[in-house]
Amino acid sequence: MLTDLHVDEVCADLRAETEQFETGTPEHSASVARLVSAQRAIRNTPEGYWIAAAVRKLHLTL
């Protein structure tokens, strides 16, 4: 199994900010939203990190 942990390296400042707040607080929720938005902006770009697409197959039994 291969694991790419590059996502942990990007947006380190926002990740650190998010970890300062207690989970479930309005501040934590707002910080998570900023982190997710920043991660999405650099996802699948040379400056960011790559996510492989999953292909699901439907198996039918007749």
Does the side chain to side chain contact (heavy atoms under 4.5 Å, CB included) test come out yes or no for Arg34 and Glu17, once each step is laid out? CA-CA 10 Å; Arg34 287 190 295 276; Glu17 173 192 296; 2.5 Å; yes

For Ser31 and Leu14, which heavy atoms make the closest approach, and how far apart are they? OG-O, 4.2 Å

Show which side-chain atoms of residues 35-44 pair as donor or acceptor with protein atoms under 3.5 Å away, not counting sequence neighbours.
from	atom 1	to	atom 2	distance (Å)
Asn44	OD1	Ile51	N	2.7

How far apart are the closest heavy atoms of Phe21 and Glu27, and which atoms are they? CD2-CB, 3.4 Å

One should read off an interatomic distance between Gln20 CD and Arg15 CZ, to the nearest 0.5 angstrom, of 14.0 Å

